[in-house]
J.: 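Quick one: the structure is below, and I'll ask about it shortly.
All figures in this text were calculated on a predicted structure; none of them were measured in a lab. Chain identifiers are assigned alphabetically (A, B, ...) following the order of the sequence lines, protein sequences preceding nucleic acid strands; residue numbering begins at 1 within each chain.
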Number of protein chains: 2
Amino acid sequence: MAEHTRPAGVQSVGRALDIIELIDQAGGEMALVEISAASGLPMPTIHRLVRTLVDRNYLRQLPDRRYALGARLIPLGNAALDAFGSRSSSLLAEVVRRIGESANLAALDGDMLVYVGQAPAPRAMRMFTQLGQHVHPHCRAAGKALLAQLDDEQVRGILTRGGMPALTPATITDPDTFVDQLASVRAEGVAHEVGEMEEGVTCLALPVLGATSNLAVSISGPASRMTETLQQHAIPVLREAAEEIAVQLAG
Amino acid sequence: MAEHTRPAGVQSVGRALDIIELIDQAGGEMALVEISAASGLPMPTIHRLVRTLVDRNYLRQLPDRRYALGARLIPLGNAALDAFGSRSSSLLAEVVRRIGESANLAALDGDMLVYVGQAPAPRAMRMFTQLGQHVHPHCRAAGKALLAQLDDEQVRGILTRGGMPALTPATITDPDTFVDQLASVRAEGVAHEVGEMEEGVTCLALPVLGATSNLAVSISGPASRMTETLQQHAIPVLREAAEEIAVQLAG
DNA sequence: GGCCAACATTCCGTATTATGGAGTATAAAT
DNA sequence: ATTTATACTCCATAATACGGAATGTTGGCC
């Protein structure tokens, strides 16, 4: 066509992935016209791509001719989760054993944070984190640890595209403030978050350096239990876990 | 090229999906040469496709340059699971409430069976089924109910490609015997399975007719509790659930 | 530490392949 | 029954993906 100064990639594959993601974002179901409108591509093109995906079970066609996410995605998602999760879960469990609070492993997926590993604390009151859940990174300690691994320009792009919804009064909603804070995260090698996601919840996260994709390990718990002493005690434990995870995920 | 009388689809998209599936089957990691060898395509072609998938986070590159499944697949798998699961879980829970044994919803994904919905029985001894898990269909009541919806030729293809490993002495390992049994499943509209997957476990499944993709609902429990009386009682309950699920998944 | 082999990556001319405008079929709406 | 909206098919065109050849990289071996 005309203006594309991109490093490119295979066009039709990119378009097919766009379709899957559009349907996901639309809540799991879309009509052909809707996909066509949302992507700006003509209907025959969309139809051909969609047909390919349906044949392969990545999408399925509903009785009313609309299209929905297909069953093939489920085992693949599981396998991807295992690739991160199963290798890290014993290490996260070890963190929980030593610290007593819930531990998570998070990755960056596009502009969002996705939890790829998890070990719950043996407590009645604890964070409930769903594996595979994807959330905004700006209000998570793990998100800060992840974004600290990128340069400021990329971070601003993520914040702009993904937005910075305020989940509590303490949530940082200003990109400049957030970028400033990343500088100290980089300096200390540790990210903190106090009540920015949910009131009364405090988190602490470390980047997993030298790993395949950007990752971060975190612990989270009620502010009352996440004392300064506990956090100081937790940092070396998390650091050790982060190093082990980097090794594990290398192959 | 030469001989392909297939209904086609977009070539490059199909190849990209092949790559994802190859890596999945290989246990989550593959080198470029391996993918090239396994797919029969030249390395530059593979490389270009892989690059596209890496850019989009569907794959990731390990430090040793090998390729692994990427984080993007995780939320998509979750979303696909929800599309089936969340809409069916309350219905499955209702089945459990009325029958007292674990209920599952299964779909056919290629040659394998994948669990897309689940409600555990309120019992200490119960089936443990992982959502998204994929298993061979030949030794499951739900598998029989699913395959009964296909014609015999397709069934034989699935059995040949996927194989029929014997999990217990009772597992059916002969395609002819299996296909014969499907005839009575079609006639009765109900599939039974006694100890073919695990000794002492009995299952009962019904196809979900008129649904988007092929689905089946099943209950499973210890043979001692899955009496003839219970099964007779369960059939209308499962039939009702199947009809409701078909409606729910239509949109 | 330098050499070699294996693998990953980039280049680029070619034609196969995806593209999308025009047209047809199908379903829902009135 | 007629209209309208959407899904699906055809097919000539050229843009796009292709893959052979050449170049970088990396890790193993002497």
Side-chain angles (χ1 to χ4, degrees), chain A residues 1-20 22-23 26 29-56 58-70 210 212-213 247 250-251, chain B residues 1-20 22-23 26 29-56 58-70 210 212-213 247 250-251:
Chain A
M1 285 285 136
E3 48 262 280
H4 44 121
T5 339
R6 293 292 151 68
V10 179
Q11 188 191 62
S12 49
V13 174
R15 288 174 169 184
L17 302 181
D18 283 341
I19 291 173
I20 294 175
L22 278 170
I23 294 177
E29 282 183 35
M30 260 182 140
L32 203 61
V33 248
E34 295 174 323
I35 305 173
S36 173
S39 64
L41 292 170
M43 297 207 12
T45 301
I46 296 295
H47 182 258
R48 194 163 1 89
L49 292 167
V50 160
R51 237 175 75 81
T52 308
L53 293 169
V54 169
D55 285 346
R56 297 299 228 92
Y58 285 75
L59 296 180
R60 60 188 217 276
Q61 188 164 31
L62 303 173
D64 60 354
R65 292 163 136 218
R66 292 160 64 79
Y67 292 93
L69 297 177
T212 148
S213 45
V247 173
Chain B
M1 287 286 140
E3 46 262 281
H4 43 122
T5 339
R6 291 294 150 66
V10 179
Q11 188 190 61
S12 49
V13 174
R15 287 175 170 183
L17 302 180
D18 284 340
I19 291 173
I20 294 176
L22 277 171
I23 294 177
E29 281 184 37
M30 262 182 138
L32 203 60
V33 248
E34 296 174 321
I35 306 173
S36 173
S39 64
L41 293 170
M43 297 204 15
T45 301
I46 297 295
H47 182 258
R48 193 163 4 87
L49 292 168
V50 159
R51 235 174 75 81
T52 308
L53 292 169
V54 169
D55 286 346
R56 298 298 228 90
Y58 285 74
L59 297 180
R60 60 189 217 276
Q61 188 163 32
L62 303 172
D64 60 354
R65 291 163 137 218
R66 293 161 63 80
Y67 293 94
L69 297 177
T212 147
S213 45
V247 173

J.: Got a list of protein N/O to nucleotides 5-11 of chain D N/O distances below 3.5 Å?
T.:
from, atom 1, to, atom 2, distance (Å)
D:dA7, OP1, A:Leu32, N, 3.1
D:dA7, OP2, A:Val33, N, 2.9
D:dA7, O4', A:Arg65, NH1, 2.9
D:dC8, OP1, A:Gln61, NE2, 3.0
D:dC8, OP2, A:His47, NE2, 3.4
D:dC8, OP2, A:Tyr67, OH, 2.5
D:dC8, O5', A:His47, NE2, 3.1

J.: Expressed in angstrom and rounded to an integer, what is the separation of A:Ile46 atom CD1 from C:dT19 atom P?
T.: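 Whole-Å distance recorded here is 9 Å.
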J.: Compile the donor-acceptor pairs under 3.5 Å between side chains in residues 36-50 of chain B and protein atoms, sequence neighbours left out, one pair per line.
T.:
from, atom 1, to, atom 2, distance (Å)
B:Ser36, OG, B:Leu41, O, 2.7
B:Ser39, OG, B:Ile35, O, 2.8
B:Ser39, OG, B:Ser36, O, 3.4
B:Ser39, OG, B:Leu41, N, 3.3

J.: Quick check on D:dG19: is either OP1 or OP2 less than 4.0 Å from any side-chain nitrogen or oxygen of B:Thr45?
T.: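 Result: yes.
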J.: Compare all side-chain heavy atoms of B:Val10 with those of A:Val13 and state whether any distance is below 4.5 angstrom.
T.: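 They are not in contact (no side-chain heavy atoms under 4.5 Å apart), so the answer is no.
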J.: What is the distance, to the nearest angstrom, from the CG atom on B:Leu59 to the P atom on C:dA8?
T.: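 Answer to the nearest Å: 14 Å.
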J.: Return the CG to CE distance between A:Leu69 and A:Met30, rounded to the nearest 0.5 Å.
T.: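 So the CG of A:Leu69 and the CE of A:Met30 are separated by 11.0 Å.
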J.: Only counting residues at least two apart or in another chain, list the ones meeting side-chain hydrogen bond (donor to acceptor under 3.5 Å, both in side chains) with B:Arg56.
T.: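 Testing B:Arg56 for side-chain hydrogen bond (donor to acceptor under 3.5 Å, both in side chains), a comparison that skips the adjacent residues, returns A:Asp18, A:Glu21.
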J.: Determine which pairs satisfy salt bridge (Lys or Arg N to Asp or Glu O under 4.0 Å) with at least one residue from residues 32-44 of chain B, sequence neighbours left out, and list them in order.
T.: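 Of all non-adjacent pairs touching residues 32-44 of chain B, those that pass salt bridge (Lys or Arg N to Asp or Glu O under 4.0 Å) are B:Glu34-B:Arg66.
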J.: Going from CG on B:Leu17 to OG1 on A:Thr52, what distance comes out if it is rounded to the nearest 0.5 angstrom?
T.: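 Result: 8.5 Å between the selected atoms.
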J.: CG of A:Leu49 versus P of C:dA18: gap in Å, rounded?
T.: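 After rounding, the reported distance stands at 9 Å.
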J.: Quick one: which of C:dT19, D:dG20, C:dA18 gets closest to the side chain of A:Arg15?
T.: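 Within the option list, the nearest is C:dT19.
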J.: Sub-3.5 Å donor-acceptor pair from the side chain of B:Arg60 to the main-chain atoms of B:Tyr67, do we have one?
T.: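 Absent.
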J.: How long is the line joining CD of B:Gln11 and P of C:dT17, in whole Å?
T.: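 To the nearest whole Å, that distance equals 5 Å.
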J.: Tell me, which stems hold DNA chain C, with a stem being 3 or more Watson-Crick or G-U pairs in a row and both distances under 3.5 Å?
T.: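 Result, WC/G-U stems under 3.5 Å: C:1-30 with D:1-30.
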J.: Just verifying a value: how many Å separate A:Ile23 CD1 and A:Leu53 CG, rounded to the nearest 0.5 Å?
T.: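 Answer rounded to 0.5 Å: 8.0 Å.
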J.: Starting at CD1 of B:Ile19 and ending at P of C:dA8, how long is that distance when rounded to a whole Å?
T.: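 These atoms are roughly 13 Å apart.
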